[in-house]
Amino acid sequence: MQIVREQDVVLFRNRVREYSTKIGMSLVNQTKLITAASELVRNMLKYANGGQVVIEIISKSAQNGVRLTFTDQGPGIADIQQAMQDGFSTGKSLGLGLPGAKRLVNEFDIQSKPGEGTRVTVIHWKHGR
Amino acid sequence: MNTTAQLLHSKKKTILESWMSNQLSDQGLRDDLISNEELHKQSDELLNGLARAMATGNTDNIYAAEYEPITEILSDISITRARQGFSPRETGMYVLSLKKAIADALEQELAGQHEQLYKEVMMVNRLLDSLSVVTFETFIKGREEVILRQSDEISEISTPVIKVWEGILALPIIGTLDSARTQVVMESLLQEIVNTGSNIAILDISGVPAVDSLVAQHLIKTVSATRLMGAECIISGIRAEIAQTIVHLGIDLSNIKTKASLASALQLAFSMNRIEVKSHSKSTTFGFKR
Amino acid sequence: MDRIPILKLGPFLLVTIQVDLYDRLALNLENDLITMVSKTGARGVLIDISAVSIVDSFMGRILGNIASMSGIMDAQTVVVGMQPAVAITLVELGLTLQGVHTALDVEKGMELLQDKIGPDYLQEQDEEEELDDRTE
């Protein structure tokens, strides 16, 4: 799914909700996943003027989960460690986006090179563990 | 087409029978958990599938498409057996006893042709070994599911939210607080706050064996979430040694209302909700009567 | 452009958010609300988010902004009716909405506001009535 405008955020969130409802995720876990997704998609819009998100249902040892892959061709992140710290922001936000999103989901992976874009993958399992 | 595949086709009945008798002769067989007919049906299905799969010539890669129906039947059997409470031995023997049945049939068929017999037996061995690994894997997976469900049940049972007064909830926590548990505690507490419209929640940690910084963090999270909902949270049941560790670890609980006992927490809750509880003293009643 | 309606209830303003906000809408709300506070001299702002299923850090920041902005104009902000799942998520996110008061529902939020403004609110109302008399 392409994300280019602000309005896409709400659409995208509804799509994530559909998928997580499909595998029977509990409300709290759904909310966590969607909030994390919302943070990441907002980052993508703000710093890279949009990008692409892939929503997938995956399963591992008797457990289903939702995997979201965010890819953009933005400026990239120079210092990932710094970006993952609470309260660090190059824009004028709270600096909770990346670290907060990481706390909300079960698995979180970020890869980025300055000038080449950023790719963030998150996985949230049905039972949240 | 190899000999075993042909044999499976032509002598299916004999093999099935000897397999069945192998299974039935096993002392560990639980005929209370599964009926003979059912076992017969399952085994028949599996043999059919095996014959078909081996006829394709593929005899070692059980993850190939030809073997899908077989692994499916086996997984199905092992998972149901795991749930019904079969022992791993019984489940494992199911496949392993087939080995003997086929080997016997092969021996009869290929009497005298030692080299061929050896080759076929080895092949059957390898194949059934990998199939029994599949059985074990799925058996354990089935057991893990049972465990997962039970631990969910336990965490649900162990977090009762009690309404102690109009507008006041109490939640005694017993046992260690890990992050999964905290989530369950939070969920049930917050839901109950909404359901009852309570504005005060008392978290009693008398039953928590130890409070380290992680547990404290979970407690602080619960308190913050309660506050976001618009209710106040009091933590009670803080024992002397817990107070000591909290201070030694440098955990800041100053933003949280804490009380030593549930009774004093309740008192605080009463005064916050402007509730007065009075005991009728006997002297006044006497005085009234007079 | 969509707008979230703001209701005036005596000295308070009441906003009920019924839809999932996208950014523009949230920023509009912030603007409208602050303008309304200064125009009406409201003493309290009630924001009902019981229908909101997702509050991310952006929404959290808007709520915080509204609270501190109206705080400067001497109006208290109460956020009411937060969903349990939202509260848990916010805490996990690390957002505790400092400076924002919370209440379970609109009714309790109203009580809280009345408590907060307390006696000088009554006084002020008397004065207002006097003013009204004069203008009439």
Side-chain angles (χ1 to χ4, degrees), chain B residues 155-156 159 161 163 165-169 171 177-201 203 214-233 235 252-257 269 271-275, chain C residues 12 14-17 44-64 66-67 76-116 118:
Chain B
S155 58
E156 230 153 75
T159 47
V161 183
K163 183 176 178 183
W165 207 274
E166 194 58 48
I168 302 170
L169 294 177
L171 197 160
L177 263 184
D178 55 13
S179 50
R181 182 96 190 276
T182 310
Q183 175 149 352
V184 178
V185 167
M186 263 201 239
E187 265 182 74
S188 44
L189 179 64
L190 298 192
Q191 197 50 57
E192 207 51 31
I193 287 176
V194 174
N195 292 350
T196 58
S198 304
N199 64 341
I200 295 175
L203 225 62
L214 209 64
V215 174
Q217 212 191 339
H218 290 320
L219 286 175
I220 293 170
K221 270 187 196 166
T222 313
V223 173
S224 321
T226 326
R227 282 195 183 145
L228 281 175
M229 300 275 303
E232 191 50 68
C233 195
I235 295 184
D252 185 20
L253 290 183
S254 58
N255 290 325
I256 297 174
K257 292 190 172 68
S271 71
M272 280 163 73
N273 269 5
R274 301 189 197 101
I275 298 168
Chain C
F12 307 133
L14 173 64
V15 182
T16 309
I17 303 177
V45 177
L46 267 171
I47 306 174
D48 179 14
I49 59 164
S50 53
V52 176
S53 54
I54 301 292
V55 176
D56 58 6
S57 69
F58 180 82
M59 254 297 276
R61 190 159 58 114
I62 298 274
L63 290 177
I66 291 174
Q76 306 276 344
T77 303
V78 182
V79 171
V80 302
M82 190 183 289
Q83 295 286 331
V86 173
I88 294 172
T89 306
L90 278 183
V91 169
E92 213 69 53
L93 196 62
L95 208 64
T96 46
L97 297 185
Q98 295 291 339
V100 181
H101 302 295
T102 49
L104 279 175
D105 49 37
V106 176
E107 202 181 329
K108 292 219 168 66
M110 207 69 105
E111 271 168 35
L112 181 72
L113 276 180
Q114 257 147 14
D115 273 5
K116 288 262 184 249

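For clarity, every value in this text was computed on a predicted model and none was experimentally measured. Just so you know, these numbers use all the heavy atoms, side chains as well, and skip hydrogens, waters and symmetry mates. Throughout, protein chains are lettered first and strands after them, A, B, ... in sequence-line order, and every chain is numbered starting at 1.
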Given the rule in the side chain to side chain contact (heavy atoms under 4.5 Å, CB included) test, do Ile47(C) and Val80(C) qualify, once you have shown the distances and angles that lead to the verdict?
-> CA-CA 6 Å; Ile47(C) 306 174; Val80(C) 302; over 6 Å; no
Those residues of residues 217-226 of chain B, ordered by number, that approach chain C below 4.5 Å (heavy atom to heavy atom) | Lys221(B), Ser224(B), Ala225(B)
Residues 186-199 of chain B vs salt bridge (charged side-chain N to carboxylate O under 4.0 Å, His left out), sequence neighbours excluded, gives none
Lys/Arg N to Asp/Glu carboxylate O, Lys108(C) vs Asp48(C), below 4.0 Å | no
Side-chain contact test, heavy atoms from C-beta onward, threshold under 4.5 Å: evaluate it for Leu113(C) versus Leu46(C) and give yes or no.
-> yes
With Asp252(B) via side chain to side chain donor-acceptor pair (under 3.5 Å) - residues at least two apart | Ser254(B)
Sequence neighbours excluded, every pair satisfying side-chain hydrogen bond (donor to acceptor under 3.5 Å, both in side chains) that has a member inside residues 78-91 of chain C = none
